[in-house]
Amino acid sequence: MFEVKNLTIVQNDKTIIENLSFTLNKEDKLAIIGEEGNGKSTLIKTLLGICEYATYTGSIISHGYTIGYLEQSLESEHFGKSVFAYLFESKNAYYEKITLFYKYIETLQLKEEILNQKLGTLSGGEKVKVGILKLLLLEVDIFFLDEPTNDLDIETLEWLEEFICHTEKPILYVSHDETLLSHTANRILHLEQVKHKTECRHTLLHIDYDTYVTNRLRGLEKQTQLAHSEAREYKKQEDKLKKVMQKVEHEQNTISRSNPHGAKLLKKKMHTLKSQEKKLDRKELTEVPDVEENIHLHFENVALPKTKTILKLELSKLMIEEHALAKDIRLEIVGNEHICIVGKNGVGKSTLLSKIYETLKERQDIKVGYMPQDYSLVLGHFIMVLDYLCDGEIDKTTARMYLGNLNFTREEMTGKIENLSNGSKAKLILLKLVLSKCNVLVLDEPTRNVSPLSNPIIRKSLREFSGCIISVSHDRKYILEVCDTLYTLTMEGLKK
């Protein structure tokens, strides 16, 4: 249904994808994975013919099939439109699609009143749902989805999994949600930048995600062990041969001229040894696998008494502008609890988390770090990456070392924040929290934009964090592995 032949993509004079070929057929669920900045979104935009910052060679053939594209985030140029105007060109178009509309608006748990709201006033999850709804109403042949899970509540995530699994229409998608990948992908395209990010590489397999990750780790481990074993055996043979050659050379230097037969035998033996040396030099050894290095992120131990009251919040109403989202909210957090707040899209989770941060940030007895859903709230005052990290205590050399641990390139380290991918911005904010030695973290979707290959490391670092975590997340692995207390926000308040 959709063909790609010998596709090579170049961005800023750097090849990010080389000689990629694949065919997307009925029932294919092709998941694109890889670290931030490896070209996942660029690939999708190139396939759609809408990438303005990269060039390509090769063939992209859609065979006349229509493609529906869900962007990573809705363009802000649409924010002034009503949801109705975004979904439908006219009332006639609405009436033509009315049956489908009500079917999917119920499925996506969107209220009809949302049609009159401006797109810009919706929560992050509601924006994603509206984007998905638009694709469903278009009744396209193929879906291209760039981070469709971002900000979605758990119920909608589970519906999306079911939809991806059961639709016959091919889907090419980027996702950082490991649970969704495990449940849906039947093909994997892994984009990598190896040799210190100087060369690109891709792996394309007809395989599910869990099997791919397991086989990859086993394969890398086996190859590494074999490479080390061969290297040890090679060194052993090399040392043994050198000793014999040194002995023969010594005998050649000391043999009497009156023993020409012995000298001839030694010369013949040395010739044989040198032939063995040449064969040894030409021997091809298994190489240690060249893969992208894992990121390193670790929070230092911070002091926080287990009986210390971190938060005692009581809100009669949770408001956004003039609109009441929830009421009777009571939340008490003590010591180094790791709590997570879940709930349906639009119920006010991010609004509540922002109020919690505003309540805590001026406290002198704790040090609070904040990661908002909108990264610009903390990054917007800075232009350069190093300016954001460096203060009186952190110098540029130290900052570069930590950025290197997160696999930032030299260009990214010394460049502008606006040029970073969302995943790299997320890592940058998390790094700032590490360097600031906060003992209370207020985190809104901390794993949202980070690759599925780096997310386990970030979850581990947060799980081992000795301070308090107050978070909002829809990441089911994060909830399971990091959090010890779970609250659900509803219109009636918080419930354990």
Side-chain angles (χ1 to χ4, degrees), residues 31-36 40 70 72-73 123-129 132 145-162 164 173-185 209-210 213 294-295 297 299 337-350 352-353 356 369-375 406 421-430 433 441-465 468-489:
I32 307 172
I33 63 171
E35 293 299 322
E36 293 73 33
K40 301 184 296 296
L70 181 70
Q72 195 172 106
S73 56
S123 71
E126 287 174 325
K127 289 188 181 83
V128 177
K129 286 183 178 183
I132 293 173
L145 311 177
D146 196 352
E147 294 292 354
T149 60
N150 274 358
D151 305 319
L152 288 181
D153 55 48
I154 292 172
E155 289 179 344
T156 310
L157 277 175
E158 291 173 346
W159 168 83
L160 182 61
E161 287 178 2
E162 288 292 311
I164 292 175
Y173 59 112
V174 173
S175 178
H176 296 151
D177 188 312
E178 292 162 76
T179 306
L180 180 126
L181 288 170
S182 296
H183 292 172
T184 61
Y209 178 75
D210 288 342
V213 172
N294 288 333
I295 65 167
L297 185 75
F299 288 88
E337 279 189 273
H338 289 184
I339 81 145
C340 184
I341 300 169
V342 298
K344 294 181 179 180
N345 292 131
V347 76
K349 300 183 298 296
S350 293
L352 175 59
L353 204 68
I356 290 172
Y370 183 41
M371 183 181 192
Q373 191 179 97
D374 180 356
Y375 299 153
L406 293 177
S421 67
N422 284 333
S424 293
K425 288 176 183 176
K427 289 178 180 177
L428 182 64
I429 295 171
L430 287 168
L433 300 181
L441 303 179
V442 180
L443 310 175
D444 198 344
E445 297 280 4
T447 60
R448 179 175 49 139
N449 287 304
V450 182
S451 85
L453 303 172
S454 291
N455 252 329
I457 296 162
I458 289 175
R459 290 197 303 270
K460 183 175 183 291
S461 69
L462 290 172
R463 181 173 67 247
E464 295 173 350
F465 177 63
C468 173
I469 296 177
I470 307 168
S471 61
V472 164
S473 182
H474 299 129
D475 181 339
R476 288 158 284 183
K477 285 187 177 287
Y478 170 86
I479 293 168
L480 181 65
E481 296 176 17
V482 177
C483 306
D484 43 48
T485 308
L486 186 66
Y487 292 90
T488 301
L489 180 62

Would a distance-only check, ignoring hydrogens and angles, find a side-chain to backbone donor-acceptor pair under 3.5 Å from H338 to V482?
yes

Decide, yes or no, whether a salt bridge links E178 with R459 under the criterion of side-chain N to carboxylate O below 4.0 Å.
yes

Working to the nearest 0.5 Å, report the span between CD1 of I470 and CD1 of I356.
5.5 Å

How close do P148 and V128 get, counting heavy atoms only, and between which atoms?
O-CG1, 3.3 Å

Straight-line distance of H474 NE2 to C340 SG, nearest 0.5 Å
8.0 Å

How long is the span from the OH atom in Y173 to the OG1 atom in T149, to the nearest 0.5 Å?
10.5 Å

Quick one: pull up OG1 in T179 and CD in E158 and give me the separation to the nearest 0.5 Å.
9.5 Å

Test I154 against I479 for side chain to side chain contact (heavy atoms under 4.5 Å, CB included), laying out the working first.
CA-CA 11 Å; I154 292 172; I479 293 168; 3.8 Å; yes

N345 side chain to D151 backbone, donor-acceptor under 3.5 Å
yes

How about T184 and Y209: does a side-chain donor come under 3.5 Å of a side-chain acceptor?
no

Minimum-distance pair of heavy atoms, taken over all atoms of S471 and I339
OG-O, 2.8 Å

Please check if the side chain of N449 supplies one atom and the backbone of A426 the other of a donor-acceptor pair under 3.5 Å.
no

Show the nearest heavy-atom pair for residues I458 and T447, with the distance to one decimal.
CG2-CG2, 4.4 Å

H176 side chain to P452 backbone, donor-acceptor under 3.5 Å
no

Side chains of Q72 and N422: is there a donor and an acceptor less than 3.5 Å apart?
yes

Looking at E481 and R476, is there a salt bridge between them, counting it only when a charged N and a carboxylate O are closer than 4.0 Å?
no

Between the NZ atom in K460 and the CG atom in L462, the distance rounded to the nearest 0.5 Å is 11.5 Å

Under 3.5 Å, is there a donor on one side chain and an acceptor on the other for D444 and Y370?
no

With salt bridge (charged side-chain N to carboxylate O under 4.0 Å, His left out) as the test, would you mind laying out the steps for E147 and K40 before giving the verdict?
CA-CA 10 Å; E147 294 292 354; K40 301 184 296 296; over 6 Å; no

Decide whether T156 and K129 meet the rule of one side-chain donor and one side-chain acceptor closer than 3.5 Å.
yes

When you measure from the side chain of E126 to the backbone of S123, do you find a donor-acceptor pair of N or O atoms at a distance under 3.5 Å?
yes

Cation-pi check, R463 to F299: give yes when NZ or CZ is under 6.0 Å from the six-membered ring centre and within 45° of the ring axis, no otherwise.
no

What one should report as the nearest heavy-atom pair of G343 and D153 is O-CB, 3.5 Å

Spacing of S175 atom OG and L181 atom CG [to the nearest 0.5 Å]
4.5 Å

Determine yes or no for a side-chain-to-main-chain donor-acceptor pair under 3.5 angstrom, with S454 supplying the side chain and S451 the backbone.
no

Is a donor from one side chain sitting under 3.5 angstrom from an acceptor on the other, for T485 and E337?
yes

Please answer whether the main-chain N or O of V174 pairs with a side-chain N or O of D146 as donor and acceptor at a distance below 3.5 Å.
no

Do the non-hydrogen side-chain atoms of E35 and L453 ever get within less than 4.5 Å of each other?
yes

Taking all non-hydrogen atoms of both residues, which atom of K427 and which atom of L406 are closest, and how far apart?
O-CD1, 3.7 Å

Sub-3.5 Å donor-acceptor pair from the side chain of R448 to the main-chain atoms of Q373, do we have one?
yes

Taking all atoms of both residues into account, what is the closest heavy-atom pair of L160 and L152, and its distance?
CD2-CD1, 4.1 Å

Applying side chain to side chain contact (heavy atoms under 4.5 Å, CB included) to L489 and V342, what does each step give before you reach the verdict?
CA-CA 6 Å; L489 180 62; V342 298; over 6 Å; no

Step by step, work out the side chain to side chain contact (heavy atoms under 4.5 Å, CB included) result for W159 and I132.
CA-CA 12 Å; W159 168 83; I132 293 173; 4.2 Å; yes

When you compare the side chains of S421 and S424, does any donor N or O come within less than 3.5 Å of an acceptor on the partner?
yes

For the pair K349 (side chain) and K344 (backbone), establish whether a donor and an acceptor sit closer than 3.5 Å, ignoring hydrogens and angles.
yes

